[in-house]
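To start, the structure itself, in structure tokens.
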Amino acid sequence: MAAVSVPMLWGGVLPETLDFYRALGYTVTYEMTRPYTYGIVERDGFQLHFGPTPKDLSAEGAHVGCLVLVNEVEPWHAEFKAALRARYGKVPGRGAPRITRFRTGQTRFTVVDPVGNTVIYIQRDEPDPEYGGSTQLDGLARVLDNARIFRDSKNDDATAVRVLETGLRRHAAAPLVDRARALAMLAEIAAVAGEAERVDELLAEIEGLGLSETDRATVAGDLDAITAAGE
């Protein structure tokens, strides 16, 4: 029989943790509270196990997680997003629990449960990222691709912001549509962080670029993502 590796995460307040995974479509197959807590959830042929949690552990300090490989990642995100909206009245994008945003073409997203455990769902055919941005691009377009990797694949918004701000300074003569897309990405990150004033500043800067109708059509999806991120 082939060996099987099963991730074990922190259980936190176990009934609440298991109920969270029920909301995501998992089935609870085991729940024990004495002499210690232990729980198991299962769906689509894989399991997550939850063991005792250190007494002083906070959701911000959990830093425990695992990867789940799936054939198509977008349907999983859509299902989880709908489930979390139904449960909480909105899609939680900050704190714990939360789910990271998703753009068409992404190959991974992250769910953080109420304990702070991180479960990353990854598409099996995900290509290796080209850190520094695709070599097929140059200038600000390459900066945008590099920021996308940090934002969407690594959940590192802070680095994405630094990459974008540096790129905008270095490539001041870049095509207006690339500048607009970079500013829109910054605005999306600010919207996720709840920085409404910063979002307004960046949108005003985009408006001041004087984009053509063709350019506006090109960045329409980027602008829509700002609204979605602030929901």
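- Minimum interatomic distance between P127 and T107 (heavy atoms only, all atoms of both residues): CD-CG2, 4.3 Å.
- Counting heavy-atom neighbours within 6.0 Å of Y88 OH, excluding the residue itself, gives a total above 12.
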> V219 and L211: side chain to side chain contact (heavy atoms under 4.5 Å, CB included), yes or no, with the steps?
Replying inline: CA-CA 10 Å; V219 301; L211 297 175; 4.1 Å; yes

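- Panel note: side chain R43, backbone L24; a donor-acceptor pair is recorded below 3.5 Å.
- The CG atom of L144 sits 10.0 Å away from the NE2 atom of H171 when rounded to the nearest 0.5 Å.
- Taking R142 as the reference, nothing meets the salt bridge (Lys or Arg N to Asp or Glu O under 4.0 Å) condition, with sequence neighbours excluded.
- In this structure, Y121 and F109 have parallel ring planes: the angle between them is below the 30° cut-off, well short of the 60° mark.
- Enclosure of atom CG in D138 is not indicated, since only 12 or fewer non-hydrogen atoms of other residues, nucleotides or ligands lie within 6.0 angstrom.
- Under the 4.5 Å side-chain heavy-atom criterion for ILVMFWY residues, a single connected hydrophobic cluster contains both V111 and Y26.
- In this structure, R162 does not pair ionically with D156, as no charged nitrogen and carboxylate oxygen lie closer than 4.0 Å.
- A distance of 8.5 Å separates CD1 of I99 from NZ of K81, quoted to the nearest 0.5 Å.
- The pair R103-E74 fails the salt-bridge criterion, with no side-chain N (NZ, NE, NH1 or NH2) lying under 4.0 Å from an Asp/Glu carboxylate O.
- Shown here are the salt bridge (Lys or Arg N to Asp or Glu O under 4.0 Å) partners of E165, two or more places apart in sequence or in another chain: R198.
- Take E42 and apply the salt bridge (Lys or Arg N to Asp or Glu O under 4.0 Å) test, not counting sequence neighbours, and it matches no residue.
- Here OG1 of T17 is found 10.0 Å from CD of E31. Values are rounded to the nearest 0.5 Å.
- Residues L168 and A182 come closest through the heavy atom pair CD2-CB, 3.8 Å.
- With hydrogens and angles left out, the side-chain atoms of D145 and S134 include no donor and acceptor closer than 3.5 Å.
- For E79, the CD atom counts as densely surrounded, since its 6.0 Å shell holds more than 12 non-hydrogen atoms of other residues, nucleotides or ligands.
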> Going through the checks in order, is the side chain to side chain contact (heavy atoms under 4.5 Å, CB included) test met by T100 and V192?
Replying inline: CA-CA 9 Å; T100 57; V192 171; over 6 Å; no

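- Without hydrogens or angle criteria, R22 side chain to T27 main chain gives no donor-acceptor distance under 3.5 Å.
- The shortest heavy-atom contact between P97 and P114 is CB-N, 4.0 Å.
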> After noting the C-alpha distance and the side-chain angles of V199 and I226, does the key distance pass the side chain to side chain contact (heavy atoms under 4.5 Å, CB included) rule?
Replying inline: CA-CA 8 Å; V199 172; I226 300 170; 3.9 Å; yes

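- Using cut-offs of 30° and 60° on the angle between ring planes, the pair F50 and Y21 is tilted.
- Note: Y38 and H49 have perpendicular aromatic rings, judged against thresholds of 30 and 60 degrees for the angle between ring planes.
- By the 4.0 Å N-to-carboxylate-O rule, R101 lies close enough to D157 to be salt-bridged with it.
- Considering all non-hydrogen atoms of both residues, W76 and E72 come closest at CD1-O, 3.1 Å.
- Considering CG of L69 and CZ of R124, their distance stands at 5.5 Å, rounded to 0.5 Å.
- Listed for the R98 side chain is a donor-acceptor partner under 3.5 Å among the backbone atoms of G95.
- The number of heavy atoms from other shown groups lying within 6.0 Å of CZ (R151) is above 12.
- Only one option out of Q123, H77, E126 pairs with R108 in a side-chain hydrogen bond (donor to acceptor under 3.5 Å, both in side chains); it is E126.
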>> Between V163 and V143, is the side chain to side chain contact (heavy atoms under 4.5 Å, CB included) condition met? List the steps.
In response: CA-CA 7 Å; V163 166; V143 170; 3.7 Å; yes

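- Taking CD1 of I149 as the start and OG1 of T159 as the end, the distance is 12.5 Å to the nearest 0.5 Å.
- Listed for the T53 side chain is a donor-acceptor partner under 3.5 Å among the backbone atoms of G11.
- Atom OG1 of T118 sits about 8.5 Å away from atom CG of N155, to the nearest 0.5 Å.
- A distance-only check finds no donor-acceptor pair linking the side chain of D178 to the backbone of L140 [under 3.5 Å].
- Residues P52 and Y36 come closest through the heavy atom pair CG-CD1, 3.9 Å.
- Criterion: ILVMFWY side-chain heavy atoms under 4.5 Å apart, direct or through other members. Under it, I122 and F102 are not part of a common hydrophobic cluster.
- The two residues G39 and L14 come nearest to each other via the heavy atoms N-CD2, 4.0 Å.
- Taking a cutoff of 4.0 Å between a charged side-chain nitrogen and a carboxylate oxygen, R216 and E207 qualify as a salt bridge.
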